[in-house]
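A short worksheet on the structure shown next.
Each ligand, and each atom within it, is numbered from 1 in the order the structure gives.
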Amino acid sequence: MPQSHRIAVLPGDGIGPEVMDEALKILDAVSRQHGFNVERETFLVGGAAIDATGGPLPADTVKGCEAAEAILFGSVGGPKWESLPPDIQPERGALLPLRKHFGLYANLRPGVCHPNLTHASPVKNELIPNGFNVLCVRELTGGVYFGQPKGREERNGEPVAFDTMIYAKSEIVRIAKVAFEAAMGRDKRLCSVDKANVLATSVLWRETVTEVAKDYPEVTLSHLYVDNAAMQLVRRPDSFDVLVTENLFGDILSDEMAMISGSLGMLPSASLGKSTDGGLNFGLYEPSGGSAPDIAGQGIANPIAQILSLSMLLRYSLGQATAAEAIDAAVEKAIAAGFRTGDIFTGAPGETKVGTSAMGDAILENLPS
Ligand code: NAD
């Protein structure tokens, strides 16, 4: 009996449905080639859901996601819905509640610059002759964004404002484990980023990550202060394999990493939740970019971020690592063969400018049959 999986598909708005079509095309092919089934059901989310039901996250969508092993998410939002009250706007009203509902505490964002696309990176090309491939693991539900108390009051005749940076050891242990597991599947190097020279939370962070490392003797662990990590990322991004850090530092470093990678249209992300019995995670997988209303409906969006989001879903939630590797390799080959959507096209010799669907086809053709 072939293994059977179930996923919820939430294409959303703007370029979401266009790039999702390409990812599903790839899913059909890899599931056939690797002998497993993926039952999938599509649900409304974001602006499309507001138009159809009055709200950005209908109960049916949440129910459908609860019944699935993972969510493949497109992107949400656009000018049409920007004047709505904040709480029912597509991003705030759909993505944040989904993250909360499913307890998605680990955010994984690869920052990849392909060797053939180093010109798109603002990092000096002589520093990254072979591109780079870094994975940033960010704690997503703790730290200063959520710590209590937070607020604003009058003290000594002037307003003061305060936030609380707090981490429980168990929160650090679970994110560290995600990072070590990820490193085990890569080059087995993990750099933990903190500010242990100043912050008490960072001292606990460093102690705990060092303790968890004992369970992963094959992984080489290093530590960097966040200010140094920010510098090293632009100086030698290729020196990193996996980074792990707390919420605020991860927010900033993962955006820095996206920027130095070149194109937003190439970067997937995963937000992982509680472990299932098999040690795998429920997750929401989506491109790092948004709904790109400026190019939506034109058939020119880059589908690679969505296709690599599918690859992450297969690897982290469905345990289909071989199929995920096949997708990653097919993307590399399509790029090496010169296929470029507009966002990564430079007109250099050997490049062929293609639209969304033709890029999907080029990746499909490069899957090992
Ligand atoms: P954006 O990421 O949508 O677009 C920024 C730029 O990158 C645009 O020029 C766009 O054309 C380009 N781009 C993004 N993805 C691309 C792709 N796959 N192929 C080619 N080019 C691509 O960010 P924005 O313009 O700030 O936001 C647009 C809308 O998306 C807003 O409504 C915002 O709220 C929403 N948004 C949603 C998410 C999400 O769903 N997770 C994330 C960010 C922004």
Discussion item. Any carboxylate oxygen within less than 4.0 angstrom of a Lys/Arg side-chain nitrogen, looking at D255 and R138?
Written reply: no
Worksheet item: Does a salt bridge link E22 with K25, judged by any charged N lying under 4.0 Å from a carboxylate O?
Response: yes
Nearest-0.5 Å distance, [atom1] of residue [X] to [atom2] of residue [Y]:
| X | Y | atom1 | atom2 | value |
| --- | --- | --- | --- | --- |
| H34 | L318 | NE2 | CG | 13.0 Å |
| D328 | I363 | CG | CD1 | 10.5 Å |
| I300 | F345 | CD1 | CZ | 13.0 Å |
| K150 | R152 | NZ | CZ | 14.0 Å |

Give a yes-or-no answer on whether the side chains of [X] and [Y] include a donor-acceptor pair shorter than 3.5 Å.
| X | Y | result |
| --- | --- | --- |
| Q320 | T322 | no |
| N302 | T341 | yes |
| S291 | D13 | no |
| E351 | T346 | yes |

Any protein heavy atom sitting closer than 4.0 Å to [atom]?
| atom | value |
| --- | --- |
| atom 30 (O) of ligand 1 | yes |
| atom 11 (O) of ligand 1 | yes |
| atom 2 (O) of ligand 1 | yes |
| atom 6 (C) of ligand 1 | no |
| atom 24 (P) of ligand 1 | no |

At a 4.0 Å threshold, what atoms of ligand 1 neighbour a non-hydrogen atom of [X]?
| X | value |
| --- | --- |
| G78 | 32 (O) |
| E286 | 41 (N) |
| G77 | 32 (O) |
| S75 | 40 (O) |

Item to complete: Report the part of I304 in contact with ligand 1, treating N, CA, C, O as backbone and CB onward as side chain, heavy atoms under 4.0 Å; options are side chain, backbone, both, neither.
Response: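 Neither; no heavy atom under 4.0 Å.
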Practice prompt. Would you mind reporting whether L253 and M257 have side-chain heavy atoms less than 4.5 Å apart?
Written response: no
For [atom], the protein heavy atom that lies nearest, with its residue and separation:
| atom | value |
| --- | --- |
| atom 44 (C) of ligand 1 | G290 CA, 3.5 Å |
| atom 34 (O) of ligand 1 | E91 OE1, 2.6 Å |
| atom 14 (C) of ligand 1 | A292 CB, 3.9 Å |
| atom 8 (C) of ligand 1 | D294 OD2, 3.4 Å |
| atom 27 (O) of ligand 1 | P293 CD, 4.7 Å |
| atom 15 (N) of ligand 1 | I15 CD1, 4.0 Å |
| atom 40 (O) of ligand 1 | V76 N, 2.9 Å |

Worksheet entry | Proximal candidate to atom 21 (N) of ligand 1 [heavy atom criterion; set N302, L95, I295, L264] | I295
Worksheet item: If you measure from each heavy atom of V19 to ligand 1, is any distance below 4.0 Å?
Response: no
Worksheet item: Would you say Y225 and Y167 are hydrophobically clustered, going by side-chain heavy atoms of ILVMFWY under 4.5 Å?
Response: no
